[in-house]
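Small disclaimer: the values here were computed from a predicted structure and weren't measured.
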Amino acid sequence: TGLTGGSSIARTDSITLNSSLTNSWYGINITVVDKASQRGATTQTAVILVDVGAPAASITAPTAGQTLKGTVIATTSVSDTGLSRINRTEFLVDGSVLLTNSSQADNAQFTWETTQTIDGAHTLTIKAYDWAGNVRTSDAVNVTVDNAAPQDIVITSPTNKSFVTTTINIEASVSDAIAVQTVQFF
């Protein structure tokens, strides 16, 4: 498509490309013609990559519903559906970026030290960026962080130094900030 008009010796022109372009390489050629219909001796050429697809992004571990503690290796699956490839991947906890992987790998890993996160329910997501600037946020993975051991453990029956018979009923009161899974008597 040509641009016409103007009478200046030097000028800057622009054109908007059709937004229905698909993922592909495109060549752009520019030639200048003056008022006397003389074509310039050189043509400027540029090659561009159109990438209209956001990357695919998912967390493969940990999985939804897990209770986590200590150091956790979070693994991801990312790939670019366009042509420009993955630029970086971010690991988010509760919507805030915690770690960034700039290796441009299709499957990024993140080492998450959960002791730096408050115990309780958390939402994990990743954001994958490609070189064209397309971004995809993964589906959320809901997990629970529990780094604190159970605290209040009290034997309520029998009491300390009590006399018992051959049948003993032992009772205990226990609590944990997140949840008590089992109580073991031995």
Side-chain angles (χ1 to χ4, degrees), residues 16-26 28 46-156 170-186:
T16 301
L17 296 175
N18 183 345
S19 62
S20 65
L21 295 174
T22 59
N23 290 337
S24 187
W25 291 94
Y26 292 89
I28 300 172
V47 177
I48 61 168
L49 171 64
V50 173
D51 181 346
V52 296
S58 64
I59 297 174
T60 54
T63 57
Q66 279 190 285
T67 299
L68 310 170
K69 67 177 183 174
T71 303
V72 172
I73 304 298
T75 58
T76 67
S77 175
V78 294
S79 61
D80 188 28
T81 57
L83 298 172
S84 65
R85 302 202 31 96
I86 297 298
N87 177 349
R88 73 182 186 280
T89 306
E90 296 173 339
F91 179 72
L92 294 82
V93 177
D94 300 327
S96 297
V97 176
L98 185 66
L99 302 163
T100 300
N101 183 318
S102 298
S103 71
Q104 302 160 22
D106 286 346
N107 297 311
Q109 286 190 342
F110 297 92
T111 302
W112 176 28
E113 184 51 59
T114 65
T115 58
Q116 303 300 311
T117 305
I118 296 171
D119 282 1
H122 295 282
T123 302
L124 309 179
T125 54
I126 60 168
K127 279 189 176 180
Y129 298 79
D130 68 16
W131 283 100
N134 299 309
V135 181
R136 169 83 37 99
T137 301
S138 70
D139 289 340
V141 174
N142 295 311
V143 297
T144 301
V145 171
D146 186 5
N147 284 300
Q151 295 298 313
D152 301 317
I153 303 169
V154 178
I155 298 174
T156 56
I170 301 172
E171 295 177 10
S173 173
V174 298
S175 67
D176 182 74
I178 303 298
V180 174
Q181 182 174 339
T182 60
V183 177
Q184 298 175 337
F185 294 91
F186 51 95

For residues [X] and [Y], report the shortest heavy-atom separation together with the two atoms involved.
X: N134; Y: G53; value: ND2-O, 3.2 Å
X: S138; Y: S58; value: CB-CA, 3.9 Å
X: D80; Y: R85; value: OD2-N, 2.8 Å

Derivation of the side chain to side chain contact (heavy atoms under 4.5 Å, CB included) call for I59 and T75: CA-CA 6 Å; I59 297 174; T75 58; over 6 Å; no

Practice problem: Kindly say whether P55 contributes a backbone atom to a donor-acceptor pair with the side chain of D130 at under 3.5 angstrom? | Solution: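 Flag not set: sc D130 to bb P55 has no pair under 3.5 Å.
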
- So, does N87 use its side chain to make a donor-acceptor pair with the main chain of W131 at under 3.5 Å?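 Judged by distance alone, no pair lies under 3.5 Å.
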
Full working for side chain to side chain contact (heavy atoms under 4.5 Å, CB included) between I126 and V78
CA-CA 9 Å; I126 60 168; V78 294; 3.7 Å; yes

- request: Apply the test side chain to side chain contact (heavy atoms under 4.5 Å, CB included) to residues T22 and V52: give CA-CA distance (whole Å), side-chain angles for both, the deciding distance (0.1 Å), then the verdict.
  value: CA-CA 7 Å; T22 59; V52 296; 5.8 Å; no

Under 3.5 Å, is there a donor-acceptor pair between the [X] and [Y] side chains?
X: T89; Y: N101; answer: no
X: S77; Y: T60; answer: no
X: E113; Y: T71; answer: yes

Item to complete: Please indicate whether Q181 has more than 12 foreign heavy atoms, meaning atoms of other residues, nucleotides or ligands, lying under 6.0 Å from its CD.
Response: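 Result for CD/Q181: open.
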
Determine, step by step, whether N147 and T114 satisfy the side-chain hydrogen bond (donor to acceptor under 3.5 Å, both in side chains) criterion, reporting the C-alpha distance in whole Å, the side-chain angles of both residues, the deciding distance to 0.1 Å, and the verdict. CA-CA 8 Å; N147 284 300; T114 65; 3.1 Å; yes

Step by step, work out the side chain to side chain contact (heavy atoms under 4.5 Å, CB included) result for W112 and L124. CA-CA 11 Å; W112 176 28; L124 309 179; 3.8 Å; yes

Euclidean distance, S79 OG relative to I86 CD1, rounded to 0.5 Å: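 Rounded to the nearest 0.5 Å, the CD1-OG separation comes to 6.5 Å.
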
